[in-house]
Amino acid sequence: AQTVTQSQPEMSVQEAETVTLSCTYDTSESDYYLFWYKQPPSRQMILVIRQEAYKQQNATENRFSVNFQKAAKSFSLKISDSQLGDAAMYFCAYRNPDSNYQLIWGAGTKLIIKP
Amino acid sequence: DTEVTQTPKHLVMGMTNKKSLKCEQHMGHRAMYWYKQKAKKPPELMFVYSYEKLSINESVPSRFSPECPNSSLLNLHLHALQPEDSALYLCASSQEGHLGNQPQHFGDGTRLSIL
């Protein structure tokens with residue numbers, strides 16, 4: 001069975017600095033999809049970035065980028081120029097292409113931004 | 001602004017009450033989801049509707065009854081809930097088909113408290 005591990009329950013970073021959140025997963029599949037979601041105190045789960053396993057190029061969305069290491073089964077999220085609005089729970093999620101619906105979620109990392 | 005709208009935002013009910021949670025999306029998505037989320041935990045999938053038909057029921061107790069009246073609406077009917085059912089209930093939607101990289105779009109959730 002696939003599993004997703006986020007080993008950092010909480011991380012803190014100074015405003016304007018860079019922080020990296022880790023995510024590892026276990027799967028025997030070669031084709032799959034990975035996502036990072038953000039959930040601020042306002043509660044809405046917001047997609048931050050996604051990565052297709054068949055793509056070697058790391059996904060980037062403005063200040064957010066991933067370091068996708070397929071062989072190591074690692075999918076870390078880098079946030080550059082951290083802003084106060086980045087404070088949230090960050091969840092890593094995996095989806096098998098055979099399942100359009102079910103996401104396997106990590107336990108989450110709480111990100112604190114220090115002003 | 002969220003594209004998935006959930007009402008009410010907060011709900012307090014007794015164990016003998018009957019209430020309903022509502023979810024609406026107008027993105028043309030044909031898959032809709034209900035999740036239960038406890039504090040600081042990832043969401044737990046409850047139900048999935050695909051083309052208005054129940055596709056997945058994750059062994060949810062019968063006191064939770066989902067309904068999909070049309071492709072834009074999703075309801076969750078509640079009856080005789082227990083205190084442990086107190087949680088944030090999230091609705092999500094996504095495109096159907098073979099686009100496995102299509103993300104789920106979430107609403108703001110309903111914070112449910114059972115007295």
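First the proteins, then the strands, lettered A, B, ... as listed; each starts at 1.
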Check this for me: [X], atom [atom1], are more than 12 non-hydrogen atoms of other residues, nucleotides or ligands nearer than 6.0 Å?
{"X": "Glu84(B)", "atom1": "CD", "answer": "yes"}
{"X": "Met15(B)", "atom1": "CE", "answer": "no"}
{"X": "Gln57(A)", "atom1": "CD", "answer": "no"}
{"X": "Lys70(A)", "atom1": "NZ", "answer": "yes"}
{"X": "Asn70(B)", "atom1": "CG", "answer": "yes"}

Give a yes or no on whether [X] and [Y] share a hydrophobic cluster (residues Ile, Leu, Val, Met, Phe, Trp, Tyr; joining criterion: side-chain heavy atoms under 4.5 Å apart).
{"X": "Leu111(A)", "Y": "Leu84(A)", "value": "yes"}
{"X": "Val48(B)", "Y": "Tyr89(B)", "value": "no"}
{"X": "Ile113(A)", "Y": "Leu21(A)", "value": "yes"}
{"X": "Leu78(B)", "Y": "Leu88(B)", "value": "no"}

Identify which part of Tyr32(A) has an atom lying under 4.5 Å from any heavy atom of chain B, answering side chain, backbone, both or neither. neither
Please state whether the side chain, the backbone, both or neither of Gln51(A) comes within less than 4.5 Å of a heavy atom of chain B. neither
Of the backbone (N, CA, C, O) and the side chain (C-beta and beyond), which part of Glu58(B) lies under 4.5 Å from a heavy atom of chain A, both, or neither? side chain
After noting the C-alpha distance and the side-chain angles of Tyr101(A) and Ile56(B), does the key distance pass the side chain to side chain contact (heavy atoms under 4.5 Å, CB included) rule? CA-CA 9 Å; Tyr101(A) 309 125; Ile56(B) 294 176; 3.9 Å; yes
Taking all non-hydrogen atoms of both residues into account, name the closest pair between Pro103(B) and Tyr37(A) and its distance. CB-OH, 3.7 Å
Quick one: closest heavy-atom pair of Ala107(A) and Pro42(B), and the distance? O-CD, 4.0 Å
Between CG on residue Leu103(A) and OH on residue Tyr35(B), distance to nearest 0.5 Å: 4.5 Å
Is a side-chain N or O of Gln44(A) found less than 3.5 angstrom from the main chain of Gly109(B), in a donor-acceptor match? no
Backbone of Lys9(B) reached by a side-chain donor or acceptor of Arg43(A) within 3.5 Å: yes
Answer key: most heavy-atom pairs under 4.5 Å with chain A among Lys40(B), Lys41(B), Gln37(B) is Gln37(B)
Does a side-chain heavy-atom distance below 4.5 Å link [X] with [Y]?
{"X": "His105(B)", "Y": "Leu47(A)", "value": "no"}
{"X": "Trp105(A)", "Y": "Leu45(B)", "value": "no"}
{"X": "Asp108(B)", "Y": "Met45(A)", "value": "no"}
{"X": "Gln104(B)", "Y": "Arg95(A)", "value": "yes"}

